[in-house]
Trainee: 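Before I ask anything, here is the structure I am working with.
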Amino acid sequence: MKGFKFTEYIPDVKGGADFEKLFDIFQQLLLIFAGNVAEALDYMSEIDRRYNLTSDTYAMADFIHDLKDKGYIKEEPGEDGGMVMTPKSEKSIRKSSLDEIFGKLKRSKTHGNHKSPYTGQGGEKSPDIRSFQFGDSLDQISMTESLKNAQVNSGLGDDFRLTENDLEVIETERNLHTATVLMIDISHSMILYGEDRITPAKKVALAMAELIKTRYPKDTLDILVFGNDAWTIQLKDIPYLEVGPYHTNTVAGLELAMDLLRRRKTKNKQIFMITDGKPTCLKEGINYYKNAFGLDRKIVNKTLTIAAQARRMNIPVTTFMIATDPYLKQFVRDFTEVNKGRAYYSNLDGLGGFVLEDFERNRRKNVR
């Protein structure tokens, strides 16, 4: 007999709700402890002792067993604590970061649709209809609307005529790929004064990566970190990022970002820089010129020169400054003026919202 057979739904409540609650905490701790599973679990156990996260029916041992059974962690001899994250766990953290930071973003039915004066490779039809203009292609003509106009203007008799004035076309929005470089400051100041600034920066990077993979799959995102030097990292490396004993070589970061964007074919290019401090370092040959006291004129001038070079390459730099010092804000204003980019002075809580707002805006603005 064809059809559907309905049975009583009995939810699997054994540890299900408890696991999800603990898993959310576990993912946050993995970012804080740079992917160290043992340290994250040790800290969770300490929190459990203080605040009773678990119960007699679902204890920490049950949670750890479920982490292994569901494929989020695995035992690997030789590693600290004997357990490491799996690719499934890394993907889950990206999705969690996307939901947390860009949670209000509605999923779009189309992908990779960016407004720009540059012509993309192909297009998507929009709901907008306008009168025919010289130069419009025949495949843009809306036959239904055009015939309707002709019937209204000339009737259905022997005098029926379809003229140029009757023609209407469907607007076509060109799809354009966008190349983005995200720069993350990993200098020592990112954990100074008892404030963890690197974890929110990692969350933003993970959220942006997941956003591009799901909503703009034809776009590219390169991620680099900068301290005394600058180097690229892979998506899978982000959860394991740690702050080092570094100064802030903003010039090295921008030079690497511009070099990466030179290799991209698209004309829409942009740089996002998350930093909390002033530039304090330059590399001269094999040596480093460092000065952490105030704004060094030599370092500042070189940084502004790089900003001007990016402007000439039509690469806007958006700076997300996690700092409140007036003299640092003035430096960022000068940097932004030279580059003709944008700057935001955000606290850690508002960082994700600012990034998303500007990320979307750069796809609607005219990049010249």
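This structure is a prediction, so every number in the text was calculated from the model and none was measured. Starting from 1, each residue takes its place in the sequence as its number.
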Trainee: Stepwise, does the side-chain contact (heavy atoms from CB on, under 4.5 Å) test hold for T280 with D296?
Mentor: CA-CA 7 Å; T280 59; D296 185 284; over 6 Å; no
Trainee: Indicate yes or no: does R50 engage E46 in a salt bridge with an N to O separation below 4.0 Å.
Mentor: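 Salt bridge between R50 and E46, a charged N being under 4.0 Å from a carboxylate O: yes.
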Trainee: Carefully, step by step, assess D48 and Y43 under the rule side-chain hydrogen bond (donor to acceptor under 3.5 Å, both in side chains).
Mentor: CA-CA 9 Å; D48 184 31; Y43 197 83; over 6 Å; no
Trainee: Indicate if I141 and V152 have the same hydrophobic cluster label, given that clusters are the connected sets of ILVMFWY residues with side-chain heavy-atom separations under 4.5 angstrom.
Mentor: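 No, it is not one cluster - the side chains of I141 and V152 are not joined through contacts under 4.5 Å.
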Trainee: Examine distances only and state if a side-chain atom of K202 and a backbone atom of L241 form a donor-acceptor pair shorter than 3.5 Å.
Mentor: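 Present.
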Trainee: Using the six-membered ring of F19, assess whether NZ or CZ of K70 lies under 6.0 Å from its centre and within 45 degrees of the ring axis.
Mentor: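 Yes, K70 lies over the aromatic ring of F19.
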Trainee: Taking the six-membered ring for Trp, are the ring centroids of F63 and F23 within less than 6.0 Å of each other?
Mentor: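 No, ring centres 6.0 Å or more apart.
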Trainee: Would you indicate whether the side-chain heavy atoms of E76 and M83 approach each other to under 4.5 Å?
Mentor: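 No - every pair of side-chain heavy atoms lies 4.5 Å or more apart.
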Trainee: Does N249 use its side chain to pair, donor to acceptor, with the backbone of G227 at less than 3.5 Å?
Mentor: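 Flag not set: sc N249 to bb G227 has no pair under 3.5 Å.
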Trainee: Between T266 and A179, is there a donor-acceptor pair closer than 3.5 Å when you use the side chain of the first and the backbone of the second?
Mentor: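 No, because the side chain of T266 does not come within donor-acceptor range (under 3.5 Å) of the backbone of A179.
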Trainee: Do side-chain atoms of D62 reach the backbone of A59 as a donor and acceptor pair under 3.5 angstrom?
Mentor: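 It does hold such a pair.
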Trainee: Judged by modelled atom types alone, do Y72 and Q27 share a side-chain donor-acceptor pair under 3.5 Å?
Mentor: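 Judged by distance alone, the side chains do not pair up.
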Trainee: Would you mind checking if E284 and K298 are paired as a salt bridge, meaning a charged N to carboxylate O distance below 4.0 Å?
Mentor: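 Yes, K298 and E284 are salt-bridged.
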Trainee: Would you check if the side chain of K21 reaches a backbone N or O of L53 as a donor-acceptor pair within less than 3.5 Å?
Mentor: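 Yes.
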Trainee: Checking side-chain polar atoms at under 3.5 Å, does R333 have a donor or acceptor matched by the opposite partner on Q330?
Mentor: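 Result is yes, a qualifying pair exists.
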Trainee: Taking the side chain as everything from C-beta on, heavy atoms only, tell me whether I64 gets closer than 4.5 Å to L41.
Mentor: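 Heavy-atom side-chain distance check passes, below 4.5 Å.
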Trainee: Find out whether the Lys NZ or Arg CZ of K290 is both under 6.0 angstrom from the six-membered ring centre of Y288 and within 45° of the ring's axis.
Mentor: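 Satisfied, under 6.0 Å and within 45°.
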Trainee: With a 3.5 Å distance limit and no angle check, can you tell me whether D99 reaches the backbone of S96 through a side-chain donor-acceptor pair?
Mentor: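 Here the side-chain-to-backbone pair does not exist.
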Trainee: For the pair N339 (side chain) and F335 (backbone), establish whether a donor and an acceptor sit closer than 3.5 Å, ignoring hydrogens and angles.
Mentor: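 No.
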Trainee: Measuring only between side-chain heavy atoms, which start at C-beta, is L260 closer than 4.5 Å to T232?
Mentor: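 In contact.
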Trainee: Between S89 and M85 (side chain of the first, backbone of the second, donor and acceptor by atom type, cut-off under 3.5 Å), is there such a pair?
Mentor: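 No, because the side chain of S89 does not come within donor-acceptor range (under 3.5 Å) of the backbone of M85.
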Trainee: With rounding to the nearest 0.5 angstrom, report the CG to CD1 distance, D66 to I73.
Mentor: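 The CG atom of D66 sits 10.0 Å away from the CD1 atom of I73.
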Trainee: Tell me if a side-chain donor or acceptor on N268 pairs with a main-chain N or O of T178 at a distance below 3.5 Å.
Mentor: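 The answer is no, because no donor-acceptor pair under 3.5 Å joins these two groups.
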Trainee: Would you check if the side chain of N149 reaches a backbone N or O of D166 as a donor-acceptor pair within less than 3.5 Å?
Mentor: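 Yes, because the side chain of N149 sits within donor-acceptor range (under 3.5 Å) of the backbone of D166.
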Trainee: Going by heavy atoms in the side chains, are L235 and R94 under 4.5 Å from each other?
Mentor: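 Yes; the side chains approach each other to less than 4.5 Å.
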Trainee: Tell me whether Q234 at atom CD has more than 12 heavy atoms from other residues, nucleotides or ligands lying less than 6.0 Å away.
Mentor: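 It does not: Q234 CD has 12 such atoms or fewer within range.
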Trainee: Give the minimum heavy-atom separation between I198 and D185, together with the two atoms involved.
Mentor: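 Here I198 and D185 meet closest at CD1-O, 3.9 Å.
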Trainee: Return yes if a side-chain donor-acceptor contact under 3.5 Å exists between Q28 and K203, otherwise no.
Mentor: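 Judged by distance alone, the side chains do pair up.
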Trainee: Quick one: do T248 and C281 satisfy side-chain contact (heavy atoms from CB on, under 4.5 Å)? Show the steps, please.
Mentor: CA-CA 6 Å; T248 307; C281 178; 5.9 Å; no
Trainee: One pair to check against side-chain hydrogen bond (donor to acceptor under 3.5 Å, both in side chains): D196 and T199. What are the steps and the verdict?
Mentor: CA-CA 6 Å; D196 177 11; T199 299; 2.5 Å; yes
Trainee: S142 and T144: side-chain hydrogen bond (donor to acceptor under 3.5 Å, both in side chains), yes or no, with the steps?
Mentor: CA-CA 6 Å; S142 172; T144 301; 5.3 Å; no
Trainee: Is there a path of hydrophobic side-chain contacts, each under 4.5 Å between heavy atoms of I, L, V, M, F, W or Y residues, that connects F293 with Y246?
Mentor: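 Per the 4.5 Å side-chain linkage, F293 and Y246 are not co-clustered.
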Trainee: Tell me whether R264 is salt-bridged to D222, with the criterion being a basic N under 4.0 Å from an acidic carboxylate O.
Mentor: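 So R264 pairs with D222 through a salt bridge.
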Trainee: With a 4.5 Å cut-off on side-chain heavy atoms, are L31 and L206 touching?
Mentor: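 Side chain of L206 against side chain of L31, heavy atoms only: contact under 4.5 Å found.
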Trainee: Does a side-chain heavy-atom distance below 4.5 Å link T180 with D219?
Mentor: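 Not in contact.
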Trainee: Would a single hydrophobic cluster contain both L224 and M313, if residues Ile, Leu, Val, Met, Phe, Trp and Tyr are joined by side-chain heavy-atom contacts under 4.5 Å?
Mentor: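 Looking at the clustering, L224 is in the same group as M313.
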Trainee: Is it true that, when you exclude K88 itself, more than 12 heavy atoms of the residues, nucleotides or ligands shown sit nearer than 6.0 Å to its NZ?
Mentor: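 More than 12 within 6.0 Å, yes.
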Trainee: Parallel, tilted or perpendicular for F320 and F272, by the 30°/60° rule?
Mentor: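 Parallel, since the angle between the ring planes stays under 30°.
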